[in-house]
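The next block holds one structure in the form of C-alpha cells; read it before the comments.
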Amino acid sequence: MPESNFVDYVKIYCRSGKGGRGSMHLRHVKYNPFGGPDGGDGGKGGSIYLRGNHNYWTLLHLKYQRHVFAEHGGNGGKDKCHGKDGKDEYIDVPCGTVVYNAETGKYICDVTYDNQVVLLVKGGRGGLGNFQFRTSTNQAPRFAQPGEPMEELTVILELKLLADVGLVGFPNAGKSTLLSSVSSARPKIANYPFTTLEPSLGIVSYREQQSFVMADIPGIIEGASEGKGLGLRFLRHIERNSLLLFMVPGDTDDIKKEYDILLGELRNFNPELLDKHRVLAVTKCDLLDEELIEMLKETLPDDLPVVFISSVTGYGIAKLKDALWKELNSESNKLQEIMSEESLVHRDIDIKSLPSDILQDEDIEYLDDDEIEIFDVEQ
C-alpha cells in the first residue's frame, strides 16, 4: 500500500538554546590604568515556538523534521559588549494541533487559529558580566555568571481537523459519495468497506455565496471505541465539529438500531460528543420508492432532523443543505460553541495507544558544544 500524504501524528525532539556566558574582564589601557570591570553580558538562548498556519492542513511537512534546535546565545565580551541573542525557531502547524508530552502523555498546549504563537521550549537566559557586579566596596569583581542551560522536550503533535460538519457512519454508508457530490473534494470511492483510509475535507457551497466545511472520516464499526477497525484513530477529528451528520443507508434492516450503535460508540469515545447538534441522513434513497420512504419515516427517531437523500441522483441534497445550514446557524448551536470553547478541557493521551511508528525511539545522544573534543587527524 503506498504511503499516505495525510499525517496527523508527529513526534518531535525540541532543544532550546543555552544562554551565553558573561565576560569577566578588567579594562587596562595606558590612558586609563584603573578602568575597572567592563565584562559584557551573555546573549539569551533561542526559544522554540509553535505558530498556527492556515495554509497547512496536515503534519506532512514535519514528518522528516524530527529534531528542532534553537541557536545558543553568544558569550559576552570586553568593553561591555553584549553577546548575540540566539535565533528563535518557529514550528508552523495547521490549526487544530494539540501538543502532548511524549514521555508522560500530559497535555501541553493547543493551536486553534491562524498566526497564534505558543511558547513550547524557553531559551536559557544569558549570564551577567562582571561589570554588573561592581560596587563601592568591590570595584574590581573577578567573577561573572554562566548562562542558563538549555531545555529539552520531546513532544507529540496531534492534529484534529477543524470543520463545521462531520460525517459519521458505518463503512459503505455513502459518506465519500456525498462529499464528492456537494463539494470539489475527490475522495476515493469504491464498493467495499473501508475504502476511505484517511479523513477528507470539502467546502460545500450554499446560497448567496455562503459555504461551510464538511469532514469525512473512515467508517466506524461496532466496537470502534475499543480499538476495532479504523474509527478509534480518526474519531478525534469530529471532536471539534459544530454539527454531526449521521448517515445510514436506506436499505438497512433497522435504521434506528444502526443510529443507536453509532451514538453509543461516540458516547464511549467521548461523552461530550453527544452534546453536539445532530442530523440524520438516510442515504441511497434511489433504491427506495415513495411508499417505502413514508413507512420508514414512522420508525426513525423524532429527536433530530431526518433527511432522505441520494448522492447519485441528487435527490434531497438541497433539503439536506438547508437542514445543515439551519442547525449550524441556530442560536442554541452558537451558544453551545461559545460555552465549549470557554470550558474546553483536554484529556491526556495514552502513549501506548499511539501508532507504532510514533512510539519508535531513536537512540541518539546529543553532545553540547563544550563536550565535543577535537582530535588531531594523526591521533
Side-chain angles (χ1 to χ4, degrees), residues 12-51 65-93 99-104 106-109 111 115-155 361-379:
I12 297 180
Y13 169 80
C14 300
R15 188 186 72 183
S16 64
K18 65 178 181 179
R21 297 190 302 269
S23 174
M24 197 292 296
H25 188 268
L26 299 176
R27 184 178 179 83
H28 294 286
V29 291
K30 62 180 180 179
Y31 54 83
N32 188 6
F34 302 102
D38 68 342
D41 302 337
K44 70 178 185 68
S47 302
I48 298 178
Y49 296 89
L50 289 176
R51 181 171 55 193
Q65 187 183 356
R66 298 299 182 92
H67 310 94
V68 179
F69 300 143
E71 188 178 8
H72 296 311
N75 298 328
K78 61 180 181 179
D79 296 334
K80 306 173 189 177
C81 290
H82 192 285
K84 178 185 176 183
D85 292 339
K87 181 181 178 182
D88 296 331
E89 291 291 334
Y90 289 86
I91 305 176
D92 288 335
V93 295
V99 185
Y100 300 94
N101 190 311
E103 298 180 358
T104 62
K106 295 292 184 180
Y107 165 78
I108 297 178
C109 62
V111 181
N115 288 328
Q116 179 184 2
V117 178
V118 180
L119 176 63
L120 188 59
V121 184
K122 185 178 181 180
R125 185 179 58 178
L128 299 178
N130 63 342
F131 177 77
Q132 303 288 350
F133 297 101
R134 69 194 190 286
T135 62
S136 59
T137 58
N138 185 12
Q139 298 183 2
R142 287 173 169 80
F143 57 86
Q145 283 184 339
E148 288 185 353
M150 55 193 174
E151 295 183 6
E152 298 176 321
L153 180 65
T154 303
V155 296
D361 294 328
E362 300 178 3
D363 298 331
I364 302 177
E365 182 178 357
Y366 298 96
L367 298 178
D368 195 5
D369 296 341
D370 298 337
E371 300 174 351
I372 299 177
E373 299 181 2
I374 302 177
F375 297 93
D376 187 55
V377 176
E378 296 180 357
Q379 295 178 351

* Asked: Got a salt bridge between D38 and K80, using NZ or NE/NH1/NH2 to carboxylate O under 4.0 Å?
  -> no
* Between Y13 and E152, does a side-chain contact (heavy atoms from CB on, under 4.5 Å) hold up when you go through it step by step? -> CA-CA 8 Å; Y13 169 80; E152 298 176 321; 2.6 Å; yes
* Side-chain donor/acceptor of D85 to backbone N/O of K44, under 3.5 Å -> yes
* **Nearest-0.5 Å distance that lies between atom CG in L120 and atom CD1 in I48** => 6.5 Å
* Asked: Step by step, would you call H25 with D79 a side-chain contact (heavy atoms from CB on, under 4.5 Å)?
  -> CA-CA 8 Å; H25 188 268; D79 296 334; 5.6 Å; no
* Asked: Between atom CD1 of I108 and atom CG of L119, what is the distance when rounded to the nearest 0.5 Å?
  -> 11.0 Å
* Asked: Quick one: are N138 and F133 in side-chain contact, heavy atoms under 4.5 Å?
  -> no
* To do: Calculate, to the nearest 0.5 Å, the distance between atoms CD and CZ belonging to E89 and R15 respectively.
  => 11.5 Å
* Straight-line distance of L50 CG to C14 SG, nearest 0.5 Å -> 7.5 Å
* So V99 and V93, side-chain contact (heavy atoms from CB on, under 4.5 Å) or not? Walk me through it. -> CA-CA 11 Å; V99 185; V93 295; over 6 Å; no
* Asked: Has the side chain of S16 got a donor or acceptor atom that lies under 3.5 Å from a matching backbone atom of A70?
  -> no
* At their closest point, which heavy atom of Q139 faces which heavy atom of P37, and how far apart are they? -> O-CD, 3.1 Å
* Picking from R21, Q132, H82, Q145, what satisfies side chain to side chain donor-acceptor pair (under 3.5 Å) with D41? -> Q132
* Can you name the closest pair of heavy atoms from H67 and F69 and give their distance? -> CB-CZ, 3.9 Å
* What distance do I91 atom CD1 and R51 atom CZ have between them, rounded to the nearest 0.5 Å? -> 10.5 Å
* To do: Provide the closest heavy-atom pair for S23 versus K78 in the form atom of the first, atom of the second, distance.
  => OG-N, 4.1 Å
* Asked: For K106, does its backbone N or O pair with a side-chain atom of N101 as donor and acceptor, under 3.5 Å?
  -> no
* First locate atom CD of E71, then atom OG of S47, and finally report the distance between them rounded to the nearest 0.5 Å. => 12.0 Å
* Does the pair N130 and L26 meet the rule for a side-chain contact (heavy atoms from CB on, under 4.5 Å), with working shown? -> CA-CA 9 Å; N130 63 342; L26 299 176; 3.9 Å; yes
